[in-house]
Amino acid sequence: MSESLKIYNTLTREKEIFKPLAPPHVGLYVCGPTVYGYVHLGNCRTFTSFDIVYRYLNHLGYKVRYVRNITDVGHLTGDTDDGEDKIAKKARLENLEPMEIVQRYTVDFHTVMKKLNNFEPSIEPTATGHLLEQMALVKEIIAEGFGYESNGSVYFDVKKYNEKYQYGKLSGRVLEELLASTERENLRRELQGQEEKRSQEDFALWKKAEPQHIMQWESPWGMGFPGWHLECSAMSTKYLGKKFDIHGGGLDLKFPHHECEIAQSVGSTGEEPANYWMHANMLTINGQKMSKSLNNSILPVELFAGKHPLLEEAYSPMTLRFCMLQTHYRSTMDLSNDSLKASRKGYKKVINGLRIAKQLVYPETAENQIDSKQIEQIDLIISQLYEGMNDDFNTAKTLAALFELLKKINSLESGQIQAENLGKECFDNLIKTYIVFVEEILGLFEEEPADQKRLVESLMQIYKEAKQHKNYSQVDQIRANLKNLGIVVKDMKHKIDWAYEE
RNA sequence: GGUCACGUGGCCGAGAGGCUAGGCUGAGCUCUGCAAAAGCUCCUACAGCAGUUCGAAUCUGCUCGUGACCUCCA
């Protein structure tokens, strides 16, 4: 199976057969969030996309080292390099230590990831935890002649880099055109403070900090902080080596972030950092990209609680995950009440099937009357499941096949297909494949019903009626059943209520 | 303005020169004490115009529309 996995490589703009550098090991680096605010649904989509990549590679038997960073310094606000650090700004606004900000939003990020059933990465390094590595990288870049110091800051010399290598190959940009375009932009905005740079396209490797700046460290170039693009280069190199297999991130990071990463790596080591570049497409809301800067973000908590003007009701984490899986990661995904409702139904259908699959037993004593046509169909569906995933992690395709497999499972349950007609081998394969794809590869699990309380309430209603009719055997039965669920009936003089068993 | 995507049935969404997913919705049938669930069947689409081809939703060109990136974003 592993030979046929194809990955769309942004670098070549083609689907390529995946060949790891050192099988069975695979190095996967994904650009993580800047933790200056709550993660929004758009962020979640990217990380869920790469969770699928991670899961499937694991399923294929690869030993994956999945590195996903936390950006906790260096990411500037505003249009220019003069912008304030995002973390520092938030800290100032909320009158907190920068690391309190980082902690708060990192915890939120992890909580949401967990709800969506995304695996934790193997390593989750932070920028502030790798300042030495970043400074070392700056030194290397300077030594190679691609970095220069200017007034306490260090910049990457894009023009010089472009003489030897090609800047912009990932995003398909030509430096001259970029320069023309930024010059025009700059004119329009009358940007100032760019005179430190030799060229507009140069980007900061290290920024000098003003005395009042609350996040700064000592460096060979004075007090300052690292540039945003630097951490990813430093940390991917540290944990995955100069060259590794897959580098991923959101499409909006393609330029300039990933382009700069490539320049930093090539500029310091002469080697391209990653073989395969993968980009997850944007999530839109009413046809517009969901982004913090556009102020149209819906937070996961808002979605799960149904508390947002755009939401008609609450949608569970698994509903959201299912919804994401129904769209290929390279397509934009538009979020709407209709699509979420449809996803909820689809998700529940899949989970009902999971329950059935786990309950079905092959009748050992039965006589076999093999239905080869049925077996053929099931084998075909199973191969389609893999075809979908092998085709650049096309979960939408896989899901289509999964529903076909589900029909077989439902037919087995209703007796429209007899298990013994499939033979033990086919039956086992059918059940196992379904469970593996749902739980292990797609990462869907059975959610506790959100309205469990209402279930209890309705049971309590029956209890009360039974009590009134003095149907005590039923009363005792309900009481015992609820106790098994950790709920005790509080049968008091004035009213009947329930409580969690203590 | 430059660069790059995309436009698929009532809705969401795969696909990618002939085999024309899947989910949701709607209609019908089977099963069923009723209902539900499940299974089966149906409604069968590819923005518009022109071209290439025996054949195009799929390739080419143009037009219209939408979005992304070019500036912080996953």
Side-chain angles (χ1 to χ4, degrees), chain A residues 13 30-34 36-37 39-50 68 71 75-81 83-86 89 109 168 171-174 176-182 184-186 188-189 191 200-201 228 248-257 259 279-284 287-294 297 322-323 325-350 352-353 356 384 387-388 391 394-404 406-417:
Chain A
R13 292 160 191 244
V30 174
C31 289
T34 302
Y36 68 103
V39 265
H40 65 65
L41 260 20
N43 301 295
C44 293
R45 151 109 126 145
T46 297
F47 300 125
T48 304
S49 298
F50 286 103
R68 188 185 62 205
T71 299
H75 208 155
L76 305 180
T77 60
D79 294 346
T80 75
D81 282 341
E84 196 175 356
D85 184 284
K86 289 191 172 183
K89 182 184 179 188
F109 172 60
S171 53
R173 281 169 220 239
V174 182
E176 288 71 31
E177 287 171 7
L178 273 173
L179 287 171
S181 136
T182 43
R184 196 174 41 244
E185 288 289 303
N186 287 346
R188 189 168 64 77
R189 295 163 193 238
L191 295 185
Q200 313 284 5
E201 278 310 304
W228 173 41
L251 193 63
D252 48 354
L253 294 183
K254 190 159 79 169
F255 186 90
H257 183 59
E259 210 66 79
H279 294 277
N281 214 134
M282 300 294 98
L283 186 143
T284 60
Q288 264 224 318
K289 177 179 136 178
M290 184 179 288
S291 112
K292 290 175 184 169
S293 53
L294 288 173
S297 349
F322 186 90
C323 194
L325 295 177
Q326 275 199 309
T327 312
H328 183 57
Y329 78 90
R330 277 193 290 118
S331 301
T332 51
M333 168 187 170
D334 195 49
L335 207 71
S336 67
N337 284 289
D338 282 352
S339 65
L340 283 164
K341 279 178 201 164
S343 292
R344 176 165 50 209
K345 286 216 174 186
Y347 158 70
K348 288 196 173 162
K349 212 167 162 179
V350 167
N352 283 333
I356 294 165
Q384 284 168 342
E387 254 172 52
D391 185 7
N394 196 328
T395 49
K397 239 182 190 177
T398 293
L399 230 33
L402 192 77
F403 276 106
E404 292 299 328
L406 174 59
K407 278 183 190 168
K408 299 296 178 193
I409 287 170
N410 283 330
S411 297
L412 277 167
E413 197 216 15
S414 64
Q416 279 151 298
I417 299 176

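All values below come from the heavy atoms of this structure, side chains included, with hydrogens, waters and symmetry mates left out.
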Take atom NZ of Lys254(A) as the centre, draw a 6.0 Å sphere, and report whether it contains more than 12 heavy atoms from other residues, nucleotides or ligands.
yes
Report which part of the nucleic acid [X] touches: base, sugar-phosphate, or nothing (heavy-atom distance under 4.0 Å, all strands).
X	result
Leu283(A)	base
His40(A)	base
Lys349(A)	sugar-phosphate
Lys407(A)	sugar-phosphate
Gly287(A)	sugar-phosphate

Using OP1 and OP2 only, check whether a side-chain N or O of Lys345(A) sits under 4.0 Å from rU25(B).
yes
Is the phosphate of rG23(B) approached by Lys348(A) (side-chain N or O, under 4.0 Å from OP1 or OP2)?
no
Once the angle between the rings of Tyr329(A) and Phe50(A) is folded into 0 to 90°, is it parallel (under 30°), tilted (30 to 60°) or perpendicular (over 60°)?
tilted
Provide the distance between the two [atom1] atoms, one in [N] and one in [M], to the nearest whole Å.
N	M	atom1	result
rA16(B)	rG55(B)	C1'	15 Å
rG39(B)	rC4(B)	C1'	46 Å
rC59(B)	rC6(B)	P	9 Å

Taking atom types as they are modelled, would you say the side chain of Thr46(A) forms a donor-acceptor pair with the base of rA74(B) within the 3.5 Å cutoff?
yes
Between rG23(B) (P) and Asn410(A) (CG): distance, integer Å
11 Å
Return the stems involving RNA chain B, sorted by first number, where pairs are Watson-Crick (N1-N3 with N6-O4 or O6-N4) or G-U wobble (N1-O2 and O6-N3), both under 3.5 Å, and runs are 3 or more long.
B:1-7 with B:64-70, B:10-12 with B:22-24, B:26-30 with B:38-42, B:47-51 with B:59-63
Could you work out which one of rA74(B), rC70(B), rA38(B) sits closest to the side chain of Phe255(A)?
rC70(B)
How would nucleotides 14-21 of chain B be written as a contact map, 5' to 3', with B for base contact, S for sugar-phosphate-only contact and - for no contact, using protein heavy atoms under 4.0 Å?
SS-----B
